[in-house]
Colleague: 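For reference, the structure I am asking about is given below.
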2 protein chains.
Amino acid sequence: MNEESKHQESSPEPAGRTDRRVRADAQRSVDALLDAAKAVFATSGVDAPVREIAEKAGVGIGTVYRHFPQRSDLVAAVFRQEVDACAQAAAVLAAEHEPGEALARWMQRYADFIATKRGLASALHSGDPTFDSLPAYFQQRLHPALRTLIDGAAAVGAARGDIDADDLLSAVARLCMSANDDKPDHARRMVALLVDGLRYGATSSKDGK
Amino acid sequence: MNEESKHQESSPEPAGRTDRRVRADAQRSVDALLDAAKAVFATSGVDAPVREIAEKAGVGIGTVYRHFPQRSDLVAAVFRQEVDACAQAAAVLAAEHEPGEALARWMQRYADFIATKRGLASALHSGDPTFDSLPAYFQQRLHPALRTLIDGAAAVGAARGDIDADDLLSAVARLCMSANDDKPDHARRMVALLVDGLRYGATSSKDGK
DNA sequence: ATATAAAACGGAATGTCGTTCCGCTTTACC
DNA sequence: GGTAAAGCGGAACGACATTCCGTTTTATAT
């Protein structure tokens, strides 16, 4: 169940008869908007004015609302984009590191994502219908990524494999949302503890039980 | 321009009542505002316009801001008021029911409070300094109420007494904030389960296990 | 290459909101 | 009753999200 990238780098392939779909300038605007919004949200929070994002992206206000009918649509799009990046990171880490290390690094990557998005929890509980589909999207995108990493690590005996990916994802999310006010690295250590737990239960042999 | 006249000089009133403190019309305005805000927040959410509250209370906008310098001060005041009511309910329930029943009913009362205040979690995580003191106030007000109920129930063998009140309060809060979208009575049943757990561990006699 | 219609653009205009300001009214105390 | 402080109401202000529409750009047909 994969889905082609909706807004990736513009590839000038002339294939297809009716290319009436996406105009080049529109694609440029959307990309610039997403980049600008990500940067502005990171510095000024998700409550930053739309005008500030439009200015940083070098487009007019009207252009923002052409592509994102509501403010919340932009916010949701950025969240989705970051989740995509997080999911993609799984493949990259799996290619660059041995399975156990890849799993550990990805868990921290995911934890960082949750911890830095302070406005995420508020958005999900805001009642805005725009965000209703986000939880399902997150799980749909993150579950396979983590599942693959766990299986990979379990195959070489670097971690136990009998763990539900969703359980892990929600557990980490809860850990990172709780005590972020007191100690900045509290979440990091708790996640590391979780990963160590995965390693502890590893089975060296093929036979799981 | 800061508040300086809150506290008068050192004890200028020996026995007589100094009426220079609160003017009658001001008290009326504050009461009407609090009532109106509670009603409006319940129906339209905590993001309801200040003007709507002012109109419902029958006062002008200026009057709102005289007593609540910021919107968030009004929100916090309503939260505090509801927590007070919840804490007071403990004494009422203790007087009207036997200890075990009082404890059980109060837990549901508290659960209802948390579950219906959808904007509470968002407010606490909003970063607005106005809400910084709320968690401490909640605990300070609720802890003694629950502690008394637990002790009362434990004294007649209706519940175990070796439970930390804060643990219970935070556990119930978490339960009521999680799965409120799926099933409306999920929280209620989970809280009932918790209460049953308290009853299960009750000691009818003095034997310490 | 030029024409053309659709798509996209920019930004002024609109409406809502929080908050401030200030002249007028009420209250409490003498 | 006199008076001064406290309280009141609401117009005014600035920030924001969102809409509207005349102008410009793009993709395709000619």
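Letters go in sequence order (proteins before strands), and every chain restarts at 1. Reckoned from all heavy atoms, side chains included, excluding hydrogens, waters and symmetry mates.
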Colleague: Tell me: CD of Gln27(B) to C1' of dA6(D), nearest whole Å?
Modeller: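 Distance, rounded to whole Å: 14 Å.
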Colleague: Counting only side-chain N and O atoms of Thr63(B), is one of them less than 4.0 Å from OP1 or OP2 of dG9(D)?
Modeller: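 For Thr63(B), the contact criterion (side-chain N or O under 4.0 Å from OP1 or OP2 of dG9(D)) is met.
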Colleague: Rounded to whole angstroms, how far apart are CG on Asp25(B) and P on dG9(D)?
Modeller: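 Rounding to the nearest Å, CG of Asp25(B) and P of dG9(D) are 9 Å apart.
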Colleague: Please tell me if the side chains of Ile53(A) and Phe41(A) come closer than 4.5 Å, counting only heavy atoms from C-beta onward.
Modeller: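 Contact flag for Ile53(A)/Phe41(A) side chains = yes.
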Colleague: Would you check if Leu124(A) and Pro135(A) make a side-chain contact, meaning some heavy-atom pair closer than 4.5 Å?
Modeller: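 The answer is yes, as the side chains (C-beta and beyond) meet within the 4.5 Å cut-off.
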Colleague: If a protein heavy atom is under 4.0 Å from the base, mark B; if only from the sugar-phosphate, S; if neither, -; do that for nucleotides 12-24 of chain D going 5' to 3'.
Modeller: B---SBBB-----
Colleague: Apply the test side-chain hydrogen bond (donor to acceptor under 3.5 Å, both in side chains) to residues Tyr65(A) and Asp73(A): give CA-CA distance (whole Å), side-chain angles for both, the deciding distance (0.1 Å), then the verdict.
Modeller: CA-CA 9 Å; Tyr65(A) 281 89; Asp73(A) 291 318; over 6 Å; no
Colleague: Which residues pass the side-chain contact (heavy atoms from CB on, under 4.5 Å) test with Ser133(B), sequence neighbours left out?
Modeller: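 Ser133(B) satisfies side-chain contact (heavy atoms from CB on, under 4.5 Å) with Arg80(B) once adjacent residues are dropped.
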Colleague: At under 4.0 Å, does any side-chain N or O of Arg28(A) touch on OP1 or OP2 of dC9(C)?
Modeller: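 The answer is no; no side-chain N or O of Arg28(A) sits under 4.0 Å from OP1 or OP2.
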Colleague: side-chain hydrogen bond (donor to acceptor under 3.5 Å, both in side chains) between Asp128(B) and Thr130(B): does it pass, once the steps are laid out?
Modeller: CA-CA 5 Å; Asp128(B) 190 320; Thr130(B) 307; 2.8 Å; yes
Colleague: Calculate the interatomic distance between Asp31(A) atom CG and dA8(C) atom C1'; express it in whole Å.
Modeller: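 To the nearest whole Å, that distance equals 15 Å.
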Colleague: Less than 4.0 Å between a side-chain N and a carboxylate O, is that true for Glu52(B) and Lys56(B)?
Modeller: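 The answer is no: the pair does not qualify as a salt bridge.
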Colleague: Do any side-chain nitrogens or oxygens of Ser29(B) fall under 4.0 Å of OP1 or OP2 in dC8(D)?
Modeller: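 Checking dC8(D) against Ser29(B), a side-chain N or O does come within under 4.0 Å of OP1 or OP2.
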